[in-house]
Amino acid sequence: MKNNHSNIKKAKFFLNKKECIGIPTETVYGLAANAYSDKATSKIFKLKKRSKKNPLIVHYHSLKTLKKDCVLNDNFFKLYKKFSPGPLTYVLKLKNKSQISKNVTNKQKTLAVRFPKHFLTQKLLKEIKYPLAAPSANISTKISPVCKEDVKDEFGKKIKFILNGGRSKIGLESTIVSLVNKPEILRLGGTKINSINTILKKKLKFNRKIKKILVPGQGKVHYSPGIPIRLNAKEPMSDEAFILIKKRKLSGKNFYYLSKTRNLKHAAKNLYKTFRMIKNKKFKKIAVEKIPNSGFGQAINDRLDRASKY
Ligand code: TXA
Ligand code: MG
């Protein structure tokens, strides 16, 4: 990536023109636009075919800028110190005088914010005068992108520029924690709940069945490769792609390993990549071996479960 300097310049050029671009993060690629601009952020919803009711995560480089937009509290500082920059998103109270576009929040009084870890995006954020609203760079309900080619696969020529930052290291979205009232987990992801619990000295709840849908990523179908998925499969049927997390003695052409050693972190990293590969190979069905429901396995199972609601 020797062209980093000129690529960041290009990224800035398009963002300043209120266009959307693809940006790399350590979790997944984002579809980014100026979070202070109504015009720029409205394009995100159009491109993604996303409901206007579904608020966006805003990406920051410094606390100084964040302070202008959100009310920060003790729990935030504790978690920030430990996990940021990194795969944790905080839902905070929005300040009245914040410049954040109303498109971003769906006129709610809260804002989801994150400090991404990818060096290119950090550099970019440092050089622009506004934070970046960026949902995952995929069409709504579809598979999230983990490299530049995936973003191209989703949007083709509809977006003007993608900042190439190689493959996303984590490969799964950030964990979302709401710190507005009593802290609670709204989405499982790249930061383990147990690690958050240790820092806050609390046992946070993850309630997938919140009545008022706060996180539409919790909606029924999501992260979907667009074909039926059979969970907890022992063996594949002949027409199924088979996803596994541990090497088997007898393997088949239709076998796809998320990990060969049951490493759940590797498995999380490979999940979306594998979904997209299987989709592009034109399989009609997927079977998935049982994934242990601990650590990153919880986030993987959450995605599998929702992807299987196709
Ligand atoms: O890892 C990530 O978080 C990636 C990268 C690009 O940063 N972004 C991402 O954004 O996953 P998105 O839009 O695909 O998912 C964000 C989720 C949505 O389900 C949205 O409903 C929820 O965050 N959300 C956004 N603002 C919120 C708020 N104020 N309160 C509760 N949930 C919110
Ligand atoms: Mg998404």
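Computed from a predicted model, the values in this text were never measured in an experiment. Below, all heavy atoms of this structure are taken into account, side chains as well, without hydrogens, waters or symmetry copies. One-based numbering, in listed order, for ligands and for the atoms of each.
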Note: A134, heavy atoms under 4.0 Å from ligand 1, region reported as backbone
Would you confirm whether the ring centroid of Y36 sits within less than 6.0 angstrom of the ring centroid of Y130? no
If you compare L94, I57, T27, V113 by their heavy atoms, the one closest to atom 16 (C) of ligand 1 turns out to be I57
*Output yes when the distance from some N or O of ligand 1 to some N or O of K48 is under 3.5 Å, and no in every other case.*
no
Q) Would Q108 count as a contact of ligand 1 if the rule is a heavy atom under 4.0 Å away? A) no
Practice task
State, without any angle test, whether S101 and D38 hold a side-chain donor-acceptor pair at a distance under 3.5 Å.
Solution key: yes
Validation row: L120, I8 side chains within 4.5 angstrom (heavy atoms): yes
Are any of the N/O atoms on T25, whether in the backbone or the side chain, positioned under 3.5 angstrom from an N/O atom of ligand 1? no
If we number the atoms of ligand 1 from 1 as shown, the ones under 4.0 Å from a heavy atom of L186 are 31 (C)
Backbone or side chain, does any N or O of E173 fall under 3.5 Å from an N or O of ligand 1? no
Protein-side N, O or S atoms sitting under 2.8 Å from the Mg ion (ligand 2) are S136 OG
A student checking ligand 1 against S174 at a 4.0 Å heavy-atom cut-off should list atoms 1 (O), 2 (C), 3 (O)
Note: heavy atom closest to atom 10 (O) of ligand 1, options S140, P135, A137, belongs to P135
Counting from 1 in the order shown, the ligand 1 atoms closer than 4.0 Å to a non-hydrogen atom of S136 are 8 (N), 9 (C), 10 (O), 12 (P), 14 (O)
Short side-chain donor-acceptor distance under 3.5 Å, S62 and T65 | yes
A112 heavy atoms within 4.0 Å reach ligand 1 at atoms 25 (C), 26 (N), 27 (C), 29 (N)
The atoms of ligand 1 lying under 4.0 Å from a heavy atom of H59, numbered in the order shown, are 5 (C), 6 (C), 7 (O)
Logged contact type for R50 with ligand 1, heavy-atom cut-off 4.0 Å, is side chain
Return yes if a side-chain donor-acceptor contact under 3.5 Å exists between T141 and S224, otherwise no. no
Contacts of K285 meeting salt bridge (charged side-chain N to carboxylate O under 4.0 Å, His left out) (sequence neighbours excluded), chain-then-number -> D239
Is the F255 ring parallel, tilted or perpendicular to the Y257 ring (thresholds 30°, 60°)? perpendicular
Hey, are K160 and E19 close enough for a salt bridge, meaning a charged N less than 4.0 Å from a carboxylate O? yes
Checking side-chain polar atoms at under 3.5 Å, does T261 have a donor or acceptor matched by the opposite partner on N263? no
Note: heavy atom closest to atom 23 (O) of ligand 1, options T121, I170, I176, belongs to I176
Checking heavy-atom distances from atom 4 (C) of ligand 1 to each of N106, V28, T110, the winner is V28
Checking the N or O distance criterion of under 3.5 Å, is ligand 1 in contact with R187? yes
Would you call the rings of Y272 and Y223 parallel, tilted or perpendicular, taking 30° and 60° as the class edges? parallel
Less than 4.5 Å apart, side chain to side chain, heavy atoms only: is that true for F83 and T175? no
Test side chain to side chain donor-acceptor pair (under 3.5 Å), reference T25, set Q122, R114, H118, E173, output is R114
Can you tell me how the ring of Y90 sits relative to the ring of F76, calling it parallel under 30°, perpendicular over 60° and tilted otherwise? perpendicular
Distance col, row L88:CG vs T27:OG1, nearest 0.5 angstrom, shows 11.0 Å
